[in-house]
Amino acid sequence: MMFTIFMEYQIDVDEGYSLVSSTNTVESQAGAKYRNVKGMSWFVTAMFIVGETAGGGLIALPAAMVSAGLYGGTLIIVLGAIICTYTGKQLSQNWTIIQQRWPEYRHHCRMPYPAMGLRAVGPKFAKFVSLCLDVTQFGTAVVFILLAAKNSENFLQAYGGIQIGFCYLVVVVASFMLPFTMLKSPKDFW
């Protein structure tokens, strides 16, 4: 099967998004999927997804289960698992299609979700996806920093008799976590 793309969006890191006029032909065989052998393995990817999804969810899960009851809480967990599985499958198929049609995504891609939005709808949607990701990550980081500071305060008070203000511990925890946020991607963790 032969795909012809007449107008292509190109991501330029310094300038943002720009429309490039070209007639690119991308050849692919029907049903053939591109496999990136230098990417993360399925196990490592699954661990990052579970860590991201379960990390925030485990904080609220006990209160949600008590509020919903045994049957309601179990139903919500099962529905959440089904929705997450379906969404993950759709995202993986979408990324495979993008790598198949645009070879520049076969190597390291710093922002895969905005790239998907760019190819699906255009540059404005790519910026919207980036904004949504930034707001979500900021909100999640704030919740985790507040939780870590509160746990540290309780730990120091219970086991050491040390009284340190919650506000000071928020600054300490945030300062400790800041260097880890400077890494480019999960592959830089090792």
At what distance, to the nearest 0.5 angstrom, does [atom1] of [X] lie from [atom2] of [Y]?
| X | Y | atom1 | atom2 | answer |
| --- | --- | --- | --- | --- |
| Asn151 | Leu146 | CG | CG | 11.0 Å |
| Ile98 | Leu118 | CD1 | CG | 8.5 Å |
| Phe176 | Ile145 | CZ | CD1 | 11.5 Å |

Legend entry - Atom OH of Tyr168: over 12 foreign heavy atoms under 6.0 Å: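 It does not: Tyr168 OH has 12 such atoms or fewer within range.
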Single-linkage hydrophobic cluster, 4.5 Å side-chain cutoff, [X] and [Y] together:
| X | Y | result |
| --- | --- | --- |
| Val143 | Val172 | no |
| Met177 | Phe166 | yes |
| Met65 | Leu75 | no |
| Val129 | Ile97 | no |

Legend entry - Check: Phe144 and Val173 side chains under 4.5 Å, non-hydrogen atoms: no
Legend entry - Residues forming a ring pair (Phe, Tyr, Trp, His ring centres under 6.0 Å) with Phe125, sequence neighbours excluded: Phe128
Legend entry - Electrostatic pair Arg119-Glu104, nearest N-O below 4.0 angstrom: yes
Legend entry - Arg101 side chain vs Thr96 backbone, donor-acceptor pair below 3.5 Å: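 No: the side chain of Arg101 does not pair with the backbone of Thr96.
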Inset, instruction - Check for a donor-acceptor pair, side chain of Thr136 on one end and backbone N or O of Leu133 on the other, with a separation under 3.5 Å. - result: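 No; zero donor-acceptor contacts below 3.5 Å.
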Legend entry - salt bridge (Lys or Arg N to Asp or Glu O under 4.0 Å) pairs, two or more places apart, involving residues 141-163: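 Pairs touching residues 141-163 that pass the test: Lys150-Glu153.
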Inset, instruction - Sequence neighbours left out, what passes side-chain contact (heavy atoms from CB on, under 4.5 Å) with Gln163? Give chain and number order. - result: Gln157
Can you name the closest pair of heavy atoms from [X] and [Y] and give their distance?
| X | Y | result |
| --- | --- | --- |
| Leu169 | Ser152 | CD1-C, 4.0 Å |
| Met116 | Trp95 | CE-CE3, 3.7 Å |
| Pro114 | Ala126 | O-CB, 3.3 Å |

